[in-house]
Amino acid sequence: MADAVGNKAVKDFHLDVPAPDQGFFVKGLGNTDWGLKNRLSRIFSPKSGRTVMLAFDHGYFMGSTAGLERIDVSIAPLADHADVLMGTRGAIRSCIPPTADRAICLRATHDNSVLFDDLSQGSGFALDMEDAIRMNASALAIQCFIGAKGERDSLEALCRAVDQGNRYGIPIMGVTAVGKEMARTTKYFLLATRILAEQGASIIKTYFCEDFEKVVAACPVPIVIAGGKKLPEDEALTMAYQAVQSGACGVDMGRNIFQSEYPIEMCEAVRKVVHEGFNDKEAFEFFQEATKAGK
Ligand code: 5RP
């Protein structure tokens, strides 16, 4: 193993050099199979190259949380407004109509529940690939706890999911968890995103941070940002805008959409930023107009 101590500090991200064009519109994934590319094309719009994923997987460790008490009531009506629905197989099967013509990203790990002080102790692969295929999944999400007790188990789950995903042409989204032991610094996200990509994840979900363009540059596959705790709508749109400006290929946002008083309008405003080149101010104006019109 390479010596990790006393190495020359990382500094050149070649921000002016674009990632190599591999003849496919999704970064770093030109050398994959047709089926995997076809699924990626359901996740990322071939027109904008980006995606709006709607995350409602929180119940897998929190149970019902604000806005997710009734997924059939709060999330099902949002389905048409997102590109991808990200949830557990239990929530999707029971609460989302199979007629929803949206890509599915299945949360495929189980972790400690909120009853434990530390959520980051371990993680396991939560489903069989056959069931993911039965659910017509376009991707699976595997959460990894880099720098915490659960690092080894969660990386093991990621590697097994990548093996099975490659066998069946299903991309794996590696999710960089945040928790007690993991600092939300640029240095941390640079490390965690890169480790997950090196282990074969095709998409990385992470949190927006300072110098995000460096995190994007050093990650050979597309990055989408998590929303995190609910912010005022204008601030959430600014975060999405800055992430996209820094090279993110979209968002996988939950609470900042479904906890909004106007979730459909918020989802549409996020789409304006991600797909239509609106800046944050324009998107917030759109949101305000849309909420007025809806009243
Ligand atoms: C944690 C997760 C979440 O369960 C969820 O998807 C996060 O969504 P948001 O922070 O936007 O509510 O992936 O790592």
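One-based numbering, in listed order, for ligands and for the atoms of each.
- Contact analysis leaves Phe258 out of contact with ligand 1, as no non-hydrogen atom separation drops below 4.0 angstrom.
- Among residue pairs with one or both ends in residues 23-51, none qualify as ring pair (Phe, Tyr, Trp, His ring centres under 6.0 Å); sequence neighbours excluded.
- The nearest protein atom to atom 5 (C) of ligand 1, hydrogens excluded, is given as Asp57 OD1, 3.2 Å; this is a heavy-atom distance.
- Close to ligand 1: Arg107, with a non-hydrogen atom less than 4.0 angstrom away.
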Item to complete: Please assess Glu282 against Tyr241 for the test side-chain hydrogen bond (donor to acceptor under 3.5 Å, both in side chains), listing each intermediate value before the final yes or no.
Response: CA-CA 10 Å; Glu282 291 166 334; Tyr241 175 65; over 6 Å; no
Discussion item. I'd like to know whether Gln143 forms a side-chain hydrogen bond (donor to acceptor under 3.5 Å, both in side chains) with Ser154, so could you lay out the CA-CA distance, the side-chain angles of the two residues, the decisive distance to 0.1 Å, and finally the verdict.
Written reply: CA-CA 7 Å; Gln143 177 143 296; Ser154 60; over 6 Å; no
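- Here atom 9 (P) of ligand 1 lies nearest to Gly228 when heavy atoms of Ala55, Ala226, Gly228 are compared.
- Shortest contact from atom 8 (O) of ligand 1 to any protein heavy atom: His58 NE2, 3.4 Å.
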Discussion item. Using side-chain contact (heavy atoms from CB on, under 4.5 Å), reason through Phe208 and Val251 one step at a time and then give a plain yes or no.
Written reply: CA-CA 10 Å; Phe208 184 63; Val251 301; over 6 Å; no
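- Here the heavy atom of the protein found nearest to atom 11 (O) of ligand 1 is Gly254 N, 2.8 Å.
- Neither the backbone nor the side chain of Lys229 comes within 4.0 Å of ligand 1, counting heavy atoms alone.
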Under 3.5 Å, side-chain donor or acceptor atoms of residues 94-101 against the rest of the protein: list the pairs with distances, not counting sequence neighbours.
unit_1 : atom_1 : unit_2 : atom_2 : d
Ser94  : OG     : Gly90  : O      : 2.6
Ser94  : OG     : Ala91  : O      : 3.4

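- The heavy atom nearest to atom 13 (O) of ligand 1, out of those in Gln259, Met86, Lys205, Met53, is found in Lys205.
- Of all the atoms in ligand 1, the ones that sit under 4.0 Å from a non-hydrogen atom of Tyr207 are 1 (C), 14 (O).
- Contact annotation: for Phe145 versus ligand 1, there are no heavy atoms closer than 4.0 Å.
- The contact set between ligand 1 and Val175, taken as ligand atoms under 4.0 Å from a residue heavy atom, comprises 13 (O), 14 (O).
- Across the listed options Gln143, Met173, Arg255, Gln143 owns the non-hydrogen atom lying nearest to atom 1 (C) of ligand 1.
- The residues Arg271 and Asp83 are annotated as salt-bridged, a charged nitrogen and a carboxylate oxygen being separated by less than 4.0 angstrom.
- Residues Arg134 and Glu130 are paired through a salt bridge, judged by an N-O separation under 4.0 Å between the basic side chain and the carboxylate.
- Listed by atom number, the atoms of ligand 1 under 4.0 Å from Met253 heavy atoms are 11 (O).
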